[in-house]
Each structure stands twice: as C-alpha cells, then as structure tokens.
Amino acid sequence: MIKAGLYIHIPFCKVKCVYCDFYSITKKEEQIPLFTECLLKEIDSYKDYTGKWTFDTIFFGGGTPSLLPAKYLEQILQKLHDTFNTSKVKEITLEANPGEASLEHLKDIRKLGVNRLSMGFQSFDDKILKVLGRLHKSKDCFKTFKNARKAGFDNINTDMIFNIPDLSVENWKKDLNKLLELKPEHISAYSLTVEPSTKLFNLVKNGRLLMPLERIDIEQYLLTGDMLSKHGYNHYEISNYSLKNKECKHNLHYWNLSPYLSFGPSAHSYNLSERWWNYRSLDKYIDKISQNTLPVEGKEKLDYRDKYNELILNGLRLSKGVSIQNAKNHFNGKFNDYIQSIQNKWDCLKVDEDTIKITKNGSLFVDEISSDMFI
C-alpha cells in the first residue's frame, strides 16, 4: 500500500510577517467556526481516497494552527480518522508561534494525539524579530518551548532564519548556541528570501531594508551545518537537521514525491499523476463549499518531464540524493550520456551506481545544478 500524507491549511494569524508568502489572514478569527464547518465538508468530499493509500502523517500548517481552539482541532482530526485509513499515522504535527499557545492549550493539543510541534522561533534577538514583523519576543521562545515539554511533547521542531538584515555571523552563532541549549529534536534553518508578494519585497525595493552580502549568507549557512552536525544533528535536507530518527516524515512525502491530500484555502494536493490547488482566498473557499462545490482553482497533469524535473529538484536537496533507477524511469533518452555531460560541468555532483548526490560544498549551488539538469 502506498504511504501518503494529509495536510490542513489553517489561514488565521494575529499578524502578517513581512517575509511570509504563504496564504494567511489577520483579524478574521471570528470565522474559525464557519471555516471548520467548511473544512469538514471538504474532507468528506475526498472519501473516495479511503482505500487508495495508507496515510501515515498529518500536518497542520498555516497561518497559525495553534490559534484554533482545541475543540475545532478535535473535530478536524476526528473527521480525518473517520474518512481515511489513518491506522498507520505515526506523526501528527501542528505549527505554533511562541507566546500564542498557553500551557493548557498545549496540553489539550497533546491529548488530541498531536505528537510533534513545530515552533517558529526565527531569532532570539528582539530587534531582529521586530524587523521580521514577528509578534513575539525572545523570552516567549523559551517559555513556550518549556511549556511544550511540560505538556508532553518529545518531538519539537524549531524554525530559525539567517541572512537577515543587520544579523552578523557572530550573532547568528549566538542564536544557534542558545538553540542548542534547548536540544530540540529537529531544526529548520532557512536563508531569508525576498518573495515578490511580501512586504519585505517592497521594503528592499524601496531601499528601506538592505539585504546582507552573499558571502554573509554563505558563511551563516556553512556555520549552521558545522555547528549542528557537531551536536549530533543529521543534515538530511538543505535546510533541515534532525536528531536520529527525528526527520520530518510529512515533509519527506513532498521531497520523495509521495502522494498527499491537502485541505483549506491555497492547499495543494498530488495523486502521483495530477496536482491541484484550492483558491487562495478564505471567502472564495467558503463560498465554493457553501455551494457544494470543490474549492479547486486549478489543476495540472504531470508528464514525464514534469515528474523528472520535480524528482531532481526535490531529490538533490536530500542528503540521500536521487535514485538512479527512479531518474531513469522518468527519463526519455540516453540517460548515461546525459548524466555524464552534467557531471563534466559540475564537479560537485557525485554519481555512483545507485544515486546522484550533491557534495557538501555543492549544496551552495543546488538550485543552479537542479535547473541545469532539467529536461
């Protein structure tokens, strides 16, 4: 039986971070009951997938899923269990912001079966947090993490961001040292990117914020890998590090091109041959479901080129690399000649009988290498 993931997009936030290009809305929390009602109807409309796959992960992303009262989270989880084969679910993740989830709320979430928490720390510098548009302070990170442990969470991810304006290499090192004192099971460390649809884009474009030099970005990235590996974290994906057997099973579905079903506004789904996505609007989402119509805005059929390119794009980001056999299955032509020409161009590409991998230094050029390998 094929293993798959379930994703729920919760769009509500207290504030919109300047760098975030995920779909989220503020000051709309009064719509949570109606949103939940629509979500349950959408999930119910996919019951045909009940016997197709075994679902082993559930992920509540956003937005800020921890803003949902426990009774609504319980309704959503119960509907998922009633609709799909979730008997093999090993990992249920919920994203939470520091300072926005009380100890009691965390205990309630844990009782529902959520066994993995993903916390958006981003920084331990209050000035940097203000630049990012975050609502919390550094002290909230430590308090919420401590409360999560008290609530019984023994699998916690923490999100951190580097390559931020005014963040020196030395201060990033201090952030990492503070983080390592907490010993989270998983760490996601991202380089700040300027996405066109964000407030950050306008701030940079208008000269109100100056992004760091590329060499600082590289230095901070390499420092992250060195420090975390010395403390037992496996650098299993370009931006992700975990202690033994604590990799994010849900995200591995995406990177391994496994199928997944997603629900909520802006959510994307994939069934191994086709991808489809919902409207990026809560109002439109609610309107469609109220009319007993799926809130799907668009879909695309994937041909062998699409599947191969996505295999390369995601696989090269993983430390295990891309399976040669999988690559050949999606490649139409003389694969050995093709891969040899790519290898001649990129000396940081390692190819053996079974896999195609990026070397440690090659990870700095993964996007360029991937696009060069596209067909």
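Pairs of residues two or more places apart, or lying in two chains, that qualify as ring pair (Phe, Tyr, Trp, His ring centres under 6.0 Å) and include a residue from residues 77-111 are Phe55-Phe84. Screening residues 120-134 for salt bridge (charged side-chain N to carboxylate O under 4.0 Å, His left out), with sequence neighbours left out, gives no hits. Residue pairs meeting the ring pair (Phe, Tyr, Trp, His ring centres under 6.0 Å) criterion with at least one partner in residues 17-43, sequence neighbours excluded, are Phe12-Phe35.
Contacts of Lys205 classified as side chain to side chain donor-acceptor pair (under 3.5 Å), with partners at least two apart in sequence or in another chain: none. Not counting sequence neighbours, the partners of Lys79 by the salt bridge (Lys or Arg N to Asp or Glu O under 4.0 Å) test are Asp44. Residues forming a side-chain contact (heavy atoms from CB on, under 4.5 Å) with Val194 (at least two apart in sequence, or on another chain): Leu200, Phe201, Val204, Met211. For the side chain to side chain donor-acceptor pair (under 3.5 Å) test, no residue two or more places apart in sequence or in another chain qualifies with Glu29. In this structure Ser266 satisfies the side chain to side chain donor-acceptor pair (under 3.5 Å) test with no other residue, sequence neighbours excluded. Listed by chain and number, the residues in a side chain to side chain donor-acceptor pair (under 3.5 Å) with Lys111 amount to none (sequence neighbours excluded). Listed by chain and residue number, nothing satisfies the salt bridge (Lys or Arg N to Asp or Glu O under 4.0 Å) test with Asp354 (two or more places apart in sequence, or in another chain). Residues meeting the salt bridge (Lys or Arg N to Asp or Glu O under 4.0 Å) test with Lys320, sequence neighbours left out: none. Applying the salt bridge (Lys or Arg N to Asp or Glu O under 4.0 Å) rule to Arg149 yields the partners Glu185; only residues at least two apart in sequence or on another chain are considered.
Between Glu274 and Lys301, none of the side-chain N atoms (NZ, or NE/NH1/NH2) sits under 4.0 Å from a carboxylate O, so this pair counts as no salt bridge.
Defined by atom type and a distance below 3.5 Å, a donor-acceptor pair is present between the side-chain atoms of Asn278 and Glu42. Between the side chains of Asn234 and Ser242, not a single donor N or O lies within less than 3.5 Å of an accepting N or O. Using modelled atom types, one finds a donor on one side chain and an acceptor on the other under 3.5 Å when comparing Asn85 with Ser87.
When all heavy atoms of Pro184 and Leu243 are compared, the closest pair comes out as O-CD1, 3.9 Å. The minimum heavy-atom distance linking Gly5 with Thr57 is given by the pair CA-OG1, 3.4 Å.
More than 12 heavy atoms of other residues, nucleotides or ligands sit less than 6.0 Å from atom CG of Leu213. In Glu214, the CD atom is not crowded: 12 or fewer heavy atoms of neighbouring residues, nucleotides or ligands sit closer than 6.0 Å. Surrounding NZ of Lys307 are more than 12 heavy atoms belonging to other residues, nucleotides or ligands, all under 6.0 Å away. Within a 6.0 Å radius of CD in Glu368, other residues, nucleotides and ligands contribute more than 12 heavy atoms.
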